[in-house]
2 protein chains.
Amino acid sequence: MSETDSPPDDAQDALGRLYDDPEARIASLQNDRPSDQDVAGQAAIFKALGNDDRLRVLEALRDSECCGCELQVVLDAPQSTVSTHLRKLKEAGLVKSRKKGKWSYYRIADTAVFGLLDLAHAVQDDA
Amino acid sequence: MSETDSPPDDAQDALGRLYDDPEARIASLQNDRPSDQDVAGQAAIFKALGNDDRLRVLEALRDSECCGCELQVVLDAPQSTVSTHLRKLKEAGLVKSRKKGKWSYYRIADTAVFGLLDLAHAVQDDA
DNA sequence: AAGACGAATCGAGAATATACAATATGATGA
DNA sequence: TCATCATATTGTATATTCTCGATTCGTCTT
C-alpha cells in the first residue's frame, strides 16, 4: 500500500520553513475560510453570469422586461437555446418571470445584478 | 436546398403580432446591444469567479498576499491543482504575483474584486 | 374541438472546464 | 556540482456546460 501524502502535507512542510510559527499561520488560514454554502452560492451566481448570451439578456432587461421572443431577437439564437439560458438565469435567482397568455415576460429579480455587471466592466477596464 | 429559417425569424413574426410597430422595437433591442468585446471581457471575469476553489483563494487574499504553499493549505488540494487555479485568476487579471526566491506570492490585482464578491453574496441572500 | 402559436423540456453530440499525477523549471544551499 | 525545494507546465481522464432539433405543454383563436 503506497501512501500518497495527503495534499497539503508538503505545503505545510514548506510553511514550516517559511515561518517561525507555522501552526499559527495555518490556523489563521483555515479559520478565515468561508463556509461551503456561502462559496457555493456565490459561485452559482458567477457561473450564471459567465456566459456571453446570458450577459446580453441581462443587459437587455436593464431597461424593461422582455418576453421570450424579444430575447430571441436580442441573442439571434434558436428558441430552445434562449429558453435554456433563461432557465439558468431563473435558477440562479437573477431573473423572474410572469406569464401573460402564451407569452412569458422576464425581468431582473434584483437590481444588484447591475452592480455586478458594472463592476465587472470596471475591473475589465482597469486590467 | 432546404432553407432553415434563420433563428430569430419566427420570433420577429411573434413581435409583429405583439406590437403595432415591431420594427421600432426590434431596432431598439438590437441597438442597445453591448459590444462583443465588452461582453466577452465581463464573461471572462465571471468565468474566473465561477469556481469554489478560486473564490476561496480570493477570500484568502482579502487580508494579505499569500504564497502558493499557503494557498495549498487553504484549498486542501494538490499543488498542481492550486497552481492551475492561480494561473486562471492571473489570466483573468484578478490577481498578480511576484517571485521571491523560490516562492511565488499572490495578491489581489484590483480591490474592486471584493466588491464583486460582496455583491454576489448580497444577491445570494436576497434570493 | 382543431389548429396555430409562444414557450418549456428532452436528448444527444460538441465544446469547455476540472482534477491531478508526472514531469519540467528555476532557485537555493550544501 | 548536486540534491532539494517551491512552483509551473503538460498530458489525460473525467465532469460539466452548451447548443439546438425535436417534442411536448398550455393558451388562444376560430
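Residue numbers start from 1 in every chain, and the chains themselves are labelled A, B, ... in the order their sequence lines are given, proteins ahead of strands. Please read these numbers as outputs of a predicted model, since none were measured by experiment.
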**Request:** Indicate yes or no for a side-chain donor-acceptor contact from A:Thr84 to the backbone of A:Ser80 under 3.5 Å, with no hydrogens or angles considered.
**Result:** yes
**Asked** Below 4.0 angstrom from OP1 or OP2 of D:dT17, is there any side-chain N or O of A:Asn51?
**Response** no
**Complete:** Residue pairs passing the salt bridge (charged side-chain N to carboxylate O under 4.0 Å, His left out) test with at least one member in residues 114-127 of chain A, sequence neighbours excluded, are A:Arg62-A:Asp118
**Prompt:** Between residues 52-62 of chain B and DNA chain C, which residues have a heavy-atom gap below 4.0 Å?
**Reply:** B:Asp53, B:Arg54
**d(CG, B:Leu75; C1', C:dC20) in whole Å** = 14 Å
**Prompt:** Hey, are the side chains of A:Leu49 and A:Leu94 touching, using non-hydrogen atoms and a 4.5 Å cut-off?
**Reply:** yes
**Message:** Nearest whole Å is fine: how far is D:dT27 P from B:Leu18 CG?
**Reply:** 18 Å
**Between C:dT18 (P) and B:Lys47 (NZ): distance, integer Å** = 10 Å
**Prompt:** Can you check whether A:Val82's main-chain N or O pairs, donor with acceptor, with A:Gln72's side chain at less than 3.5 Å?
**Reply:** no
**Message:** In whole Å, I'd like the distance from the CZ atom of B:Arg17 to the C1' atom of C:dG3.
**Reply:** 13 Å
**Request:** Calculate the interatomic distance between B:Glu65 atom CD and D:dT7 atom P; express it in whole Å.
**Result:** 12 Å
**Message:** Once salt bridge (charged side-chain N to carboxylate O under 4.0 Å, His left out) is applied, what residue pairs with a partner in residues 17-27 of chain B remain, sequence neighbours excluded?
**Reply:** A:Glu70-B:Arg25
**Request:** Using atom CG of A:Leu71 as one end and atom C1' of C:dG6 as the other, report the distance to the nearest whole Å.
**Result:** 13 Å
**Request:** For residues A:Gln30 and B:Val73, determine if any side-chain heavy atom of one lies less than 4.5 Å from a side-chain heavy atom of the other.
**Result:** yes
**Separation of atom CG in A:Asp10 from atom P in D:dA6, rounded to whole Å** = 8 Å
**Request:** Provide, to the nearest angstrom, the distance between the CG atom belonging to B:Leu89 and the C1' atom belonging to D:dA8.
**Result:** 15 Å
**Request:** Indicate whether OP1 or OP2 belonging to C:dA17 is found under 4.0 Å from a side-chain N or O atom of B:His85.
**Result:** no
**Residues in contact with DNA chain C, drawn from residues 24-40 of chain B - heavy-atom cutoff 4.0 Å** = none
**Request:** For residues A:Pro34 and B:Leu55, determine if any side-chain heavy atom of one lies less than 4.5 Å from a side-chain heavy atom of the other.
**Result:** no
**Prompt:** Under 4.5 Å between any side-chain heavy atoms of A:Ser97 and A:Leu86, yes or no?
**Reply:** no
**Prompt:** Along nucleotides 7-13 of chain C, 5' to 3', which nucleotides get a B, which get an S, and which get a -, given that the test is a protein heavy-atom distance under 4.0 Å?
**Reply:** BBB----
**Message:** Taking the minimum atom-to-atom distance to the side chain of A:Pro78, which one of D:dC20, C:dT18, C:dA21 wins?
**Reply:** D:dC20
**Prompt:** So which pairs with a foot in residues 36-55 of chain B pass salt bridge (charged side-chain N to carboxylate O under 4.0 Å, His left out), sequence neighbours left out?
**Reply:** A:Arg56-B:Asp36
**Message:** Do A:Leu116 and A:Phe46 make a side-chain contact, defined as non-hydrogen atoms from C-beta onward lying under 4.5 Å apart?
**Reply:** yes
**Item:** Heavy-atom check, side chain of B:Val74 versus side chain of B:Val57, under 4.5 Å
**Value:** no
